[in-house]
Each structure stands twice: as C-alpha cells, then as structure tokens.
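These numbers come from a predicted model, not from an experiment.
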Amino acid sequence: MAFIEDPAFVLSYLRQAFITSDDTGMSEMVLVDEDIEHWDSIKQEREGTPKTRSASEKPQNLEYGDISQSFDITASSLDWGIRRRTNTAQRLEKLKKERQNQVRCRNIQWKEKSVDLSSEEMAGMFEKKDLSEKKSAAVPQHTSVLAEQLEQSPVLTNNPFIEFSKFDGKGHVGSTATKRVDIFLTMTTGKERNFPLTVVVLATARVQDLIGLICWQYTNEAKEPKLIENVEAYCLHIAEDDGEVDTDFPALDAKEPFAKFGFTTLALVEKPKDQEQQSEIMLVTVNVPHSGFSRIQVESLGLTMKEILHRALKRRKGRVDPSGPDYVLEKQSQPGVCVDLDSTLDSMNTMEFCLVRQHRPPGRAKRKAHGTRGEVEEETEVNRNMSEMEASLSSLHYKSYRVNMFTKLRTSTIIQLGVSGEKIEIDPLTQHKSTAAKFLSKQKPVSYDADLVAACEITDDKHGRETFRLTYQSGSDFKHHDFEASSSVATEVVTKINHILELRASPVRADYLAFKERKASKKHGLLS
C-alpha cells in the first residue's frame, strides 16, 4: 500500500475496509468527513486545475453522492450456514461408497466348456432320490402347549344363547357405558333361589337382549334346571331386594331399551303358555245391562246353565235367594226368553248371554208364579225402570273408591277416585317406598268437571278384576285414564258415571259419540 500513488484509491480502499469490519458505523462517518475535506484538492490534482482556495476551506457545492460508495452488505452475501465441502472431499466420499458397494457384489465370469457329457452322466447329476425310507422312519411328534391345554380343558356345552354374549359388559367397564343388575332366577330351587345372578350389560341393549344375556350366563355356569332354548319364553319382572316378585306390575316391554328403566333388582320369570292354552279355553260372555260384561271360563260344554249363573253372580258378587233365583239368563240374540237353568251349555248353541234381574215383592210371589208370562215380563220391566231411576238419582251423591290407576308405562299406583254429579277427583295415596315405587313418577292430584267427561266403560275382565277407562276432553282432543279394581267396584263406578252422563247430557259426550260413529263407519268402509 505504501507504493500506491493514487490517494483517492487509498481512501476508497480504507473506507471500504472499515465499513465491512466496523459494526458501529462510526468509522464510516469519520472517513466520510475526511473525504469531504480532501475530495476537492484530489479532484483538482486529477484534472490539472490550479488550486484557488485555501486548504482550510471546505467545498460548498460538493454532494455526498459524488463520493464513491461501497456496495450494500446484505444477509445473502454472508455465508452464515455450514461451509460447503470441497470437490476433493466429495470425490473421496463417493469413491468410498463405491468400494463399500463392490464388497457386496461379486462378479463371476461365465465360460463355456467344450466337454460333452453322456446321457447317463447327465442323469447321474440330477438323480431322483427315494424318500420312502425317511417317511417310514418313526418321527417323534411334538405337541404344542395350546394343544395340551385344549385337551385338559373341560368340554364346553353348546350354548344356544351365544348370540347375546356380545351384550356382556364385563370387559367394557370404564370404556363403555354399562349397567349392573341383580337377577333373581325363579326357576331355580334351594339356596340358589335366594341369591341373585349378577349381570353387567351394555347400556345400548334392549330388554330382550338382557334376557338373552341372562340365559347365556345361566347356561355357561351350568345351572339347573335347563332353560328353554327360546328367549321369548321368559320375561323380566320387578323384584324386591329379598327376591320377591312384584306381580302387581306388568313385565318390562321386551322391545324397549333397558337404559330407560332405573331398576337394579329384577326377576327372570317364565311366561305362562297362554298361546297353547287359549285354543283349549272356552269363554262364556255374560252381558249386564248398563254395567258392562263378564267373561267366565268354562272347562267343557257339558256345564249346566245353573252353574254358569252361579259363577256370574259370584263374579258380580250376587246372591241366590232360597225361594228362587233373583237373576235369570237370556240369550243375547233372543232377549226376553229365559233359558232353562238345568240345560247344558252345549244345547244353547251360543256363548253370549244376558243377565237379567227379577224383582219379587214378598206379597205377590205366589201370584207372580201363577200369572201369565206377559204379566211377569211387564212387571219385571216396570221394576227394572224403577231400579234404574233410583240408581240415577243416587249417582249424583259424592262417593269415593279405592282403585289402581295405570300410568303411561303400564304400571299401577293406588289412588282414591271421587265421583259426584259435579266433578270427578283423582287423589294419589301414600305408598310404601319399595324398589318399584322409587322409580314410578309421582301422580299429582287432578280434578275433571263432569261436563268434560265423555265416556266410561269396562275394557277388560280377568281373574275377578276389571279394567275400566275414563275418557275426557283436554283442549280439542279426547284423552283417557285406565283404572283397575274388583268386579263389584268397577261395575259400580262405571254405572254411577254413566248415570251422571245421561242426566247431564253434555255436548262433550255428544261430540265423542259422533266421533266414535265416524271412526266406526270409516273402518267399515275400509274393510268393505
């Protein structure tokens, strides 16, 4: 640098060196000032122009752009990454990889020989070996551990309920919603009857799936007696904690999801064989005017009509007077003609009869017995009308009854039904909080005006108890409540409410009767 004669080049070089090495930028500012002070004299020396001003004076019109500036330093111009290897290093690494690959390969040079071999020599080179000797030799057979365990395990029975095993929730506890239920088995005897079978079922299972899972687990545990190989032959009933089956409530609907029920204790009960017995059971229908009807089960067609009358009176809690029967039976198709009580049911050629009451005043018993048949019928009709009038007038008085009321789930709760000429009241009674009562929703007291009641009729009769339905208007629709009581109580309630409806003759009842007629005619039109 000492031999460089051009001062402008030296200044430019120094300035460039300081700019690239000084991070503060102060050197660039100092050099710029120095350049400005000496730039005028350097320019005049280059151009050969005589110097006209003193050295202490600074140029006035010199712009900063006239001074040569260095190029801008950018991040791309600096190599902040890893330095690239040289070509020699790359070439050496490539040669090293090639030598490693050559070790794994072996080159073989194929040369054809001119030696000719005979057919025998060629056959000897690929001679067929005889393996029969090796096959005949006894080879020891090794038995696996799995085969030994299968031989030692007991023979599993063919479980006909294997398809319901997928609803077993014992292996899904914690990962999937499950439900634990204690099932009392009513078909077992002895000590097993007192201890429930614990079943863990998936929450997505239906009641029928739970029954199948119980049967599957029952069969796997080899319990006795053996079950019927049909899930539909069993049902689930509500049970107490001691295993007692609550027969007041119907069985759970097999098609409903089990998660909707909150029971933790149930009983597996075998269904009665009603389907097989219904074809053999004969039912005699006895209609009672203004009081519904009764169905009496008979064993054979040789039963006398007197026995049928006695059963009908017992169902209706009637009585038999020693001087003669207070009731007679008439054929439903032949009203007014009394049947012979000594004849058999087979000779009647019908299964529907009508129960008619005969009124016998004490002073006229003999005259009635010797009178003509027309006089007897006329007197009976008059007494019947008087009896119906008295019942209609007495029906307006308030009277309460203790009956069972069915809920939407077809479970019953005990209520007090109050009937009067103005309104009908339903008041729930306090019950013992059993397992079933905890699940049932609480029935609220409700009252209906007599003008809103549309009808009351008996819908079912079995085992000495009758079910009757009370229909009422709610808004623009007709709704109903179902009740269950003994035959006498149900008949009295239905008769009392019907007398009230006849006396009041409300428009609601007229609309309901018209609605039933339209519905019946529409059904008849579809069938025809």
Side-chain angles (χ1 to χ4, degrees), residues 1-6 8-32 65 67-156 162-163 165-178 202 204:
M1 189 178 294
F3 298 99
I4 298 175
E5 297 179 355
D6 189 359
F9 175 77
V10 174
L11 288 175
S12 178
Y13 179 78
L14 292 176
R15 184 171 175 273
Q16 178 69 21
F18 277 107
I19 287 174
T20 57
S21 61
D22 186 12
D23 297 334
T24 62
M26 297 301 295
S27 300
E28 182 180 5
M29 295 178 63
V30 173
L31 290 173
V32 168
I67 305 174
S68 59
Q69 300 291 328
S70 63
F71 59 88
D72 293 334
I73 301 174
T74 59
S76 61
S77 63
L78 300 177
D79 190 5
W80 300 105
I82 302 174
R83 179 187 174 188
R84 295 184 60 186
R85 293 179 299 171
T86 60
N87 294 335
T88 306
Q90 295 179 9
R91 192 181 300 112
L92 292 175
E93 184 179 359
K94 186 177 181 181
L95 293 174
K96 184 179 179 180
K97 290 183 178 180
E98 289 179 357
R99 284 195 300 267
Q100 291 177 355
N101 293 333
Q102 288 177 1
V103 174
R104 301 174 184 175
C105 301
R106 183 179 179 184
N107 296 329
I108 300 175
Q109 186 177 5
W110 177 262
K111 293 181 180 181
E112 294 183 0
K113 293 184 179 181
S114 60
V115 179
D116 296 332
L117 298 176
S118 61
S119 59
E120 295 179 358
E121 291 176 349
M122 291 290 294
M125 295 179 63
F126 302 97
E127 184 180 0
K128 185 177 180 180
K129 297 181 180 180
D130 187 9
L131 302 178
S132 59
E133 297 180 357
K134 293 184 178 181
K135 292 182 180 180
S136 60
V139 179
Q141 297 180 356
H142 298 283
T143 306
S144 63
V145 180
L146 177 60
E148 293 179 356
Q149 292 180 353
L150 291 176
E151 291 178 357
Q152 295 175 2
S153 62
V155 179
L156 298 178
I162 189 65
E163 59 178 310
S165 61
K166 60 183 178 181
F167 298 102
D168 189 10
K170 292 182 179 178
H172 302 276
V173 177
S175 60
T176 309
T178 57
L202 296 178
T204 57

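Atom NZ of K170 and atom OG1 of T178 lie 12.0 Å apart (nearest 0.5 Å). Here the straight-line distance linking atom CD of E98 with atom CD of Q100 works out to 11.0 Å at 0.5 Å rounding.
With E93 as the partner, the side-chain contact (heavy atoms from CB on, under 4.5 Å) test is satisfied by one option alone out of K97, K96, Q90: K97.
The two residues E148 and T143 come nearest to each other via the heavy atoms CG-CG2, 3.7 Å. Heavy atoms only, all atoms of each residue included: L202 and K166 are closest at CD1-O, 3.6 Å.
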